[in-house]
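The block underneath contains the structure these notes are about, expressed in structure tokens.
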Amino acid sequence: MIVTIDGPAGAGKSSVAKRLAKQLGFDFLDTGAMYRCVTLACLRRGISLDQVESVAELARDLKINLGPHCVELDGENVTEAIRTPKVTKSIQAIADNVQVRSILVNAQRNWGQGKDAVTEGRDQGTVAFPMAECKIFLTAGPEERARRRVAQLLELGVDVSFEEVLELQNQRDSQDTQRPEGGLRPAVDSIMVCTDGMSEDEVLDKLVQIVDQRRSVLLGLNRNEPLSNSQ
Ligand code: C5P
């Protein structure tokens, strides 16, 4: 069974998707980390981000290993290095590169073969796994997402203003949504979950409930209870 979780930056996908996979005993794939690895490799090797062919060639050769606790790029632990603001700011050109998307989507599909897995990103339900058995679109209002991000950064000792975070987040949302290939949008058969006002534990409970319900439908146990696509 493949469970896809897509949604905008700051909706809390990463941590809840990881916890969901753990609870279900499924493998977990953070596809944003793959785009981040390609971006980091370009920055380190001085490859211009808009050199579509050179970037794609590099993406093809990289050895990205996404373990449960760390991300490795060509054998080096880059778990923290891929999350710096420099990487986040530079990622859009890589995510817009259609050749890179195709290479990474193929790698995601190969990884998913024969697995029970939770995969998280922007295009998992629409492009990478259109036949996934359970698709979730996790979202929250822009202000709520920005508030959560400010709180996270404060915990890490980074002092940023709410307005600054909101503005950067709006920019990223609009770039992610407007991307013609692999853009952020809910799959028609996805279940929307708006996490406004919910704690992470409550979101996790909701997702477990959705997956269980979906499994029952797939097993034919619940034929008279079709899933609503708004939760
Ligand atoms: O999820 P995360 O914030 O790590 O993703 C970083 C960026 O990678 C996103 O803003 C998006 O531009 C890109 N991305 C993507 N497709 C995915 C996952 C991430 O384009 N499946």
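Atom set for the values below is all heavy atoms of this structure, side chains included, hydrogens, waters and symmetry mates excluded. We number each residue from 1, following the sequence as shown. For clarity, every value in this text was computed on a predicted model and none was experimentally measured. Just so you know, ligand 1 is whichever comes first in the structure, and atom 1 is the first atom listed for that ligand.
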Passing candidate, side-chain contact (heavy atoms from CB on, under 4.5 Å) with V193, options I5, V16, L138: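 Exactly one pass, corresponding to L138.
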Any atoms of ligand 1 less than 4.0 Å from a non-hydrogen atom of [X]? List them with their elements.
| X | answer |
| --- | --- |
| D176 | 9 (C), 10 (O), 11 (C), 12 (O) |
| I91 | 6 (C), 7 (C), 8 (O) |
| R83 | 4 (O) |

Evaluating non-hydrogen atoms only, which member of [options] is closest to [atom]?
| atom | options | answer |
| --- | --- | --- |
| atom 20 (O) of ligand 1 | R122, E120, R101 | R101 |
| atom 13 (C) of ligand 1 | A95, A9, A33, G7 | A95 |
| atom 2 (P) of ligand 1 | Q108, Q92, R172 | R172 |

Short side-chain donor-acceptor distance under 3.5 Å, T119 and Q124: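 On atom types as modelled, these side chains qualify, holding a pair under 3.5 Å.
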Ligand 1 N/O within reach of Y35 N/O, cut-off under 3.5 Å: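 Min N/O separation from ligand 1 is not below 3.5 Å for Y35.
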Side-chain touch L184/R179, heavy atoms, less than 4.5 angstrom: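 Not in contact.
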Specify the protein heavy atom at minimum distance from [atom]: its residue, its atom name, and the distance to 0.1 Å.
| atom | result |
| --- | --- |
| atom 4 (O) of ligand 1 | R36 NE, 2.8 Å |
| atom 19 (C) of ligand 1 | G32 CA, 3.6 Å |
| atom 18 (C) of ligand 1 | T31 OG1, 3.5 Å |
| atom 21 (N) of ligand 1 | D123 OD1, 2.8 Å |

R19/S14 under side-chain hydrogen bond (donor to acceptor under 3.5 Å, both in side chains): CA gap, chis, key distance, verdict: CA-CA 9 Å; R19 287 179 67 191; S14 284; over 6 Å; no
Any salt bridge linking [X] with [Y]? Criterion: basic side-chain nitrogen under 4.0 Å from a carboxylate oxygen.
| X | Y | result |
| --- | --- | --- |
| R145 | D173 | yes |
| D6 | R122 | no |
| E76 | R44 | yes |

Qualifying residue for side-chain hydrogen bond (donor to acceptor under 3.5 Å, both in side chains) with T88, from R172, R83, R36: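 That would be R36.
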Q175 heavy atom under 4.0 Å from ligand 1: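 Heavy atoms of Q175 never come under 4.0 Å of ligand 1.
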